[in-house]
Amino acid sequence: ELKVEQNPLFLSMQEGKNYTIYCNYSTTSDRLYWYRQDPGKSLESLFVLLSNGAVKQEGRLMASLDTKARLSTLHITAAVHDLSATYFCAVDIDNYGQNFVFGPGTRLSVLP
Amino acid sequence: NAGVTQTPKFRILKIGQSMTLQCTQDMNHNYMYWYRQDPGMGLKLIYYSVGAGITDKGEVPNGYNVSRSTTEDFPLRLELAAPSQTSVYFCATKNRAETSTDTQYFGPGTRLTVL
């Protein structure tokens with residue numbers, strides 16, 4: 001059975017600090033996506049990672065993919081309060097862009 | 001462009017009732033998906049479609065049915081509502097091409113309660 005795990009599930013951090021969220025998965029896949037969800041809202045796309053070694057950066061967030069280790073990371077640099085949200089990774093389990101499994105989410109709270 | 005729209009936004013059903021959740025997109029995307037999100041959890045794929053007339057089961061299809069007669073519409077049908085189907089339902093679309101910008105676009109969600 002395919003598993004997508006995220007670590008940690010809950011993260012409380014102070015503004016200005018750095019931290020990394022990890023996404024592990026148990027199948028061979030070259031495609032992984034990161035999404036953000038604010039409370040009571042829908043999901044918003046952050047990053048699309050389509051190959052081993054892919055690295056994407058947007059503002060204070062940087063995502064990477066290591067398909068050999070079946071691991072993706074979402075690194076937060078100098079966190080600000082506006083980054084408080086739940087972050088999900090999603091794995092394309094057949095590499096056709098058709099069938100996705102989401103992780104449980106990491107609930108991030110950035111404190112002033 | 002409206003993107004992905006879902007109706008209704010909220011609905012309360014009694015056990016055993018039926019309903020259809022509507023999803024419409026104007027993005028001309030081939031792929032469409034239905035997910036459910038239970039409180040504090042990730043999303044679970046119910047059904048997906050790669051084009052008009054083609055649908056396939058996801059991880060949790062039991063108790064649901066779908067159809068895809070047009071590119072734009074992908075309704076989700078609940079035949080005999082059960083309390084276990086209380087959840088928030090999200091529809092999503094995606095372009096077929098696999099490029100660095102081709103991600104899923106989500107609708108605003110339908111919050112369903114079955115009592």
Side-chain angles (χ1 to χ4, degrees), chain A residues 1-7 9-10 21 23-27 29-51 53-58 63-65 85-107, chain B residues 2-7 9-10 23 25 27 29-51 54-61 66 68 74 87-111:
Chain A
E1 179 189 342
L2 169 66
K3 289 185 179 178
V4 180
E5 299 176 331
Q6 289 184 234
N7 189 6
L9 297 180
F10 299 93
I21 298 170
C23 174
N24 293 89
Y25 54 97
S26 62
T27 189
S29 174
D30 294 331
R31 296 176 178 164
L32 190 138
Y33 303 75
W34 283 96
Y35 296 89
R36 167 184 171 143
Q37 185 179 38
D38 293 315
K41 303 292 187 181
S42 186
L43 280 77
E44 171 191 350
S45 178
L46 292 174
F47 298 110
V48 178
L49 304 169
L50 297 181
S51 61
V55 178
K56 296 283 183 68
Q57 182 162 5
E58 180 73 32
S64 66
L65 178 61
T86 299
Y87 294 86
F88 294 96
C89 62
V91 176
D92 180 349
I93 64 173
D94 56 16
N95 279 332
Y96 290 131
Q98 300 172 10
N99 200 338
F100 295 86
V101 176
F102 277 72
T106 295
R107 188 175 300 179
Chain B
V4 184
T5 58
Q6 292 183 236
T7 56
K9 287 187 169 51
F10 303 93
C23 176
Q25 55 117 348
M27 306 175 79
H29 285 171
N30 300 98
Y31 297 173
M32 295 187 75
Y33 313 81
W34 274 107
Y35 293 92
R36 60 177 286 172
Q37 184 179 32
D38 297 334
M41 305 291 284
L43 278 70
K44 291 193 182 298
L45 183 63
I46 305 171
Y47 273 95
Y48 65 96
S49 169
V50 299
I54 306 170
T55 62
D56 209 343
K57 296 178 180 178
E59 187 180 356
V60 289
V66 293
R68 181 100 182 266
F74 190 39
S87 191
V88 179
Y89 291 84
F90 289 102
C91 177
T93 73
K94 183 181 174 300
N95 200 358
R96 177 163 46 194
E98 287 298 322
T99 70
S100 61
T101 59
D102 284 321
T103 184
Q104 292 182 75
Y105 295 86
F106 285 83
T110 294
R111 188 176 297 271

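To find a chain, count down the sequence lines: A is the first, B the second, and so on, and within it residues start at 1. These numbers were taken from a predicted model, which means no experiment stands behind them. Every heavy atom of this structure was used, including side-chain atoms; hydrogens, water molecules and symmetry mates were not.
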Who among A/Val4, A/Leu49, A/Leu43, A/Leu9 has the most heavy-atom pairs with chain B under 4.5 Å?
->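 Looking at each of A/Val4, A/Leu49, A/Leu43, A/Leu9 in turn, A/Leu43 comes out on top.
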Pick from B/Met41, B/Gln37, B/Gln104 with the largest number of heavy-atom pairs that fall under 4.5 Å of chain A |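 The residue among B/Met41, B/Gln37, B/Gln104 with the greatest pair count is B/Gln104.
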Sequence neighbours left out, what passes side chain to side chain donor-acceptor pair (under 3.5 Å) with B/Thr7? Give chain and number order.
->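 Once residues adjacent in sequence are excluded, B/Thr7 has no partner under the side chain to side chain donor-acceptor pair (under 3.5 Å) criterion.
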Return the set of residues passing side chain to side chain donor-acceptor pair (under 3.5 Å) with A/Ser42 (not counting sequence neighbours), or none when no residue passes.
->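 With neighbours one apart ignored, the set is empty.
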Would you tell me whether A/Asp30 and A/Ser51 have side-chain atoms, one donor and one acceptor, within less than 3.5 Å of each other?
->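 No - no donor-acceptor pair under 3.5 Å links their side chains.
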Heavy-atom distances under 4.5 Å only: say whether A/Gln6 touches chain B with side chain, backbone, both or neither.
->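 The answer is neither part of A/Gln6.
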Give me the one residue out of B/Tyr35, B/Tyr33, B/Tyr89 that meets side chain to side chain contact (heavy atoms under 4.5 Å, CB included) with B/Ile46.
->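 Answer after filtering B/Tyr35, B/Tyr33, B/Tyr89: B/Tyr89.
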